[in-house]
Amino acid sequence: MQYWLFKTEPDVFGIDDLARAPDQTARWDEIRNYQARNFLRDEVRVGDQVFIYHSSCKQVGIAGVAEVVRGAYPDPSQFEPSHALFDVKAAPGSPRWFCVDIRLRECFSQVIPLRQIKATAALADMTLVRQGRLSVQPVSAAQWQLVLKLR
DNA sequence: GCCAACGTTGGC
DNA sequence: GCCAACGTTGGC
């Protein structure tokens, strides 16, 4: 079992939307970055635990925990011509982009601020701190436990 | 809204 | 394969 951090813009789809979804389960889709895609497609497994991170919003930080309940499958949005992220180079037989399904496990009472994570010396090696712009990123077991202590 | 950092595209 | 130009991310 591995740990991950998934980013989202809560104005588009945040942890509250996940909480309201049927069975508190939703497709994690619209990833259009190769590094993130490779993690989703090749390494994210059913049962893996995921931090839900809110970006580009008032309260930037980690909002809660979810669990992967379905492994990688082709992201349907790439095949829909009307979709903003339609990919003309993708075909059902040769998908380029993948998604997974996740279910909410815990919504933190308060978002753990990015500021606080950056201020925690033991978390200085988190990908979140080192590489700001990756939307699917691995989290070590030690980092996972440390972040949970900041709740 | 600014802008740094990073990713992608495309000519050569 | 290089690299300039351009686009996107995302904190502040």
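These numbers come from a predicted model, not from an experiment. The chains referred to below are lettered A, B, ... by the order of the sequence lines, with proteins before strands, and numbering in each begins at 1.
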Closest approach of A:L146 to A:A122 (non-hydrogen atoms, all atoms of both residues):
CD1-CB, 3.7 Å
Apply side chain to side chain contact (heavy atoms under 4.5 Å, CB included) to the pair A:V68 and A:D101, showing each step before the final yes or no.
CA-CA 6 Å; A:V68 178; A:D101 290 353; over 6 Å; no
N-O pairing of A:D75 and A:R32 below 4.0 Å
yes
Taking OP1 and OP2 of B:dG7, is either one under 4.0 Å from a side-chain nitrogen or oxygen of A:Q131?
yes
Nearest-angstrom distance from the residue atom CD of A:Q59 to P of C:dG10:
18 Å
Which residues within residues 78-101 of chain A lie with some heavy atom under 4.0 Å of an atom in DNA chain B?
none
Taking only side-chain N and O atoms of A:K7, does any of them lie within less than 4.0 angstrom of OP1 or OP2 on C:dG10?
yes
Starting from C1' on B:dT8, measure out to CG on A:L134 and report it in whole angstrom.
16 Å
Sorted by chain and residue number, the side chain to side chain donor-acceptor pair (under 3.5 Å) partners of A:R45 (sequence neighbours excluded) come out as none
Output the rounded distance in Å from CZ (A:R37) to P (B:dT8).
10 Å
Nearest whole angstrom, please: distance from the P of B:dC6 to the CD of A:Q137.
13 Å
Linking directly or through intermediates, with side-chain heavy atoms under 4.5 Å: list the remaining ILVMFWY members grouped with A:F98, chain and number order.
none
Side-chain heavy atoms under 4.5 Å apart, restricted to Ile/Leu/Val/Met/Phe/Trp/Tyr: what other residues fall into the cluster of A:V111, or is it alone?
none
Going by atom types only, do A:Y73 and A:R27 share a side-chain donor-acceptor pair under 3.5 Å?
yes
To the nearest angstrom, how far is A:R32 atom CZ from B:dG7 atom P?
18 Å
Nucleotide C:dG11, atom C1' - distance to CZ of A:R115 in whole Å:
11 Å
I need the CG-C1' distance between A:L5 and C:dG10, as an integer number of Å.
14 Å
Between the side chains of A:Q49 and A:E106, does any donor sit under 3.5 Å from an acceptor?
no
Heavy atoms under 4.0 Å, any strand shown: does A:S56 hit a base, just sugar-phosphate, or nothing?
base
With a 6.0 Å cut-off on the ring centroids, do A:W97 and A:F79 count as close?
no
Between A:H83 and A:E30, do the side chains contain a donor N or O and an acceptor N or O under 3.5 Å apart?
yes
Looking at DNA chain C, which of residues 117-129 of chain A put a heavy atom within less than 4.0 Å of it?
A:K118
Spacing of A:K58 atom NZ relative to C:dG11 atom C1', expressed in whole Å
15 Å
Parallel, tilted or perpendicular, as decided by the 30° and 60° cut-offs, for the rings of A:F6 and A:W28:
tilted
With a 4.0 Å cut-off, would you call A:E67 and A:R103 a salt bridge?
no
Counting only side-chain nitrogens and oxygens, does A:Y34 get under 4.0 Å of the OP1 or OP2 atom of C:dT8?
no
Do any N or O atoms of the protein come closer than 3.5 Å to N or O atoms of nucleotides 3-5 of chain B, and which pairs are they?
none

